[in-house]
Amino acid sequence: MDTGTIPVDSLSGGLDLYRTLESGQSYCWRRSDGEMYHGAEPEDSWYATVVDGDVIRIRQENGILEWESTTDAEAAVRRLVRLDDDLEAIVAAAPDDPLLRDAYDAHRGMRLVEDPPFGCLISFICSAQMRVSRIHTMVSTLAREYGEPIEFDGKTYHAFPTPDQLAAATEAELRELGLGYRAPYVVRTAEMVASGDADPAAARGFEYEAARDYLTQFVGVGDKVADCVLLFSLGFDEAVPLDTWIKSAIEEYYPDCDRGSYADTSRAIRERLGGEYAGYAQTYIFHHLRTGE
DNA sequence: GCCCAGGAAATAT
DNA sequence: ATATTTCATGGG
């Protein structure tokens, strides 16, 4: 077993691992006590994921971020929860308005995640009209039923299924697993990726709005889900997913940014939230409003 | 029972 | 192009 520690005070802007991993950005981690997305912070349990066949688990305790893995995972940990972001500078450069200031103050240390593209894509296809706790359950079920099992420290972990593994599933099976009308979306999108017809990671090479358009070719992916994948997986920090919470925030706090269409409203709110890191601002506002904290 | 949840696709105007 | 309707399902 490889292990390591990272002192939190070495990170600009600190770290709140609980809010980073349980704010509805990522559904690719599972908590060892099984209580993820149930509203309470972990005591001494771990968050675990599988990346490229390797189990990685992490926890934050007493000012230390600990990791344990089947391999030397420090670089992967830094990438997955974006420890090298200069969070202090991002917060300092954010627009100074009451809502955003409250959101940043309430959740200091929350970072964006960088999920693997395929898992992120399927996660947010599943997210349509679902609560975050159920999205997490659906993604965990897909991993358990179709993903590669990997033994580590006497326990079995499951990778998120590959496009091939998920494309081999049937719509009827996924409906049995509770995915509802999202079942055919997941199968058809997995088939598109497995066949090589399209690849979510390919959107990295495009300018922002072209990248969003590229992702909407996948079945079950509209502008909002595309923005989530761009923000939580592909490094487009300016992406602002216009979900129900941010729409209500626009209505109440930024009414002049409502321009009717998604594309035009997106440009306006992106500008209002600071442009380059507007997606960071969006994630804080989303979590702030959704949790009421 | 009713309502809602990090929406998207199909259909109608 | 934009507006309305339909689509599953567990939990409050």
Side-chain angles (χ1 to χ4, degrees), chain A residues 19-29 34-40 103 107 110 112-113 115 119-142 169-192 198 200 212-234 236 239-252 258-266 269-270 273 278-293:
Chain A
R19 286 183 169 82
T20 299
L21 294 182
E22 301 199 40
S23 52
Q25 304 178 55
S26 176
Y27 301 94
C28 295
W29 295 82
E35 293 299 305
M36 196 154 175
Y37 284 119
H38 288 269
H107 307 293
M110 182 170 79
L112 285 185
V113 299
D115 275 354
C120 183
L121 178 65
I122 298 299
S123 295
F124 281 95
I125 288 173
C126 290
S127 78
Q129 295 294 102
M130 278 292 139
R131 293 176 212 277
V132 293
S133 61
R134 285 200 61 205
I135 301 165
H136 185 259
T137 300
M138 293 163 88
V139 174
S140 300
T141 300
L142 290 177
T170 66
E171 175 183 336
E173 287 172 0
L174 297 190
R175 283 181 183 274
E176 281 296 308
L177 294 174
L179 269 72
Y181 61 79
R182 304 153 198 80
Y185 301 167
V186 168
V187 175
R188 291 176 62 191
T189 288
E191 287 169 349
M192 291 171 71
R212 194 175 65 200
D213 286 343
Y214 177 83
L215 290 180
T216 60
Q217 74 181 292
F218 294 105
V219 184
V221 178
D223 289 327
K224 185 270 171 185
V225 167
D227 269 331
C228 288
V229 177
L230 294 177
L231 181 61
F232 302 135
S233 177
L234 300 179
F236 288 82
V240 177
L242 301 183
D243 60 83
T244 52
W245 290 100
I246 201 70
K247 282 178 179 169
S248 72
I250 290 171
E251 194 177 337
E252 188 160 350
D258 183 357
R259 306 295 168 85
S261 74
Y262 189 101
D264 291 342
T265 302
S266 171
I269 192 66
R270 187 162 70 251
L273 295 180
Y280 243 105
Q282 189 274 0
T283 299
Y284 272 81
I285 291 171
F286 170 83
H287 188 61
H288 182 51
L289 294 179
R290 190 181 73 81
T291 61
E293 297 171 13

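A residue-by-residue look at A:R188 and A:F286 shows that A:F286 has its nearest nucleotide of DNA chain B further toward the 5' end. A residue-by-residue look at A:L242 and A:G220 shows that A:L242 has its nearest nucleotide of DNA chain B further toward the 5' end.
In this structure, A:Y185 atom OH and C:dC7 atom P are separated by 11 Å, rounded to whole Å. Spacing between atom CE of A:M130 and atom C1' of C:dA8 amounts to 6 Å, rounded to whole angstrom units. One atom, CZ of A:R212, and another, P of B:dA8, lie 11 Å apart when rounded to the nearest Å. Look at OH on A:Y181: it is 13 Å from C1' on B:dA10, rounded to the nearest Å. In this structure, the CD1 atom of A:I125 is 16 Å from the P atom of C:dA8, given to the nearest Å. Between the NZ atom of A:K224 and the P atom of B:dA9 there is a distance of 13 Å, given to the nearest Å. Rounding to whole angstrom units, CG of residue A:L179 and C1' of B:dG7 are separated by 14 Å. Computed from coordinates, the A:I122 CD1 to B:dA8 P distance equals 14 Å when rounded to whole Å.
With contacts defined as side-chain heavy-atom distances shorter than 4.5 Å, the pair A:D223/A:L242 does not qualify. A:V186 is listed as a side-chain neighbour of A:C126, based on a closest heavy-atom distance under 4.5 Å.
The separation of B:dA10 from C:dA8, taken at their P atoms, amounts to 13 Å, rounded to a whole angstrom.
Among the atoms of the strands shown, base atoms are found under 4.0 Å from some heavy atom of A:G24. Here A:R175 lies in heavy-atom contact (under 4.0 Å) with sugar-phosphate atoms only.
Judged by distance alone, with hydrogens and angles left aside, A:R131 brings a side-chain donor or acceptor within reach of the base of B:dC4, the pair sitting under 3.5 Å. For B:dG7, its base never sits under 3.5 Å from the side chain of A:Y262 at any donor and acceptor pair.
Under the 3.5 Å distance criterion, the side-chain polar atoms of A:Y37 are left unmatched by any main-chain donor or acceptor of A:R134.
Here the nucleotide nearest the side chain of A:Q129, chosen from C:dC7, B:dA5, B:dA8, is B:dA5.
Heavy atoms only, all atoms of each residue included: A:A169 and A:V187 are closest at O-CG1, 3.8 Å.
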**Request:** Starting from the C-alpha separation in whole Å, work towards a yes-or-no answer on salt bridge (Lys or Arg N to Asp or Glu O under 4.0 Å) for A:E251 and A:K247.
**Result:** CA-CA 6 Å; A:E251 194 177 337; A:K247 282 178 179 169; over 6 Å; no
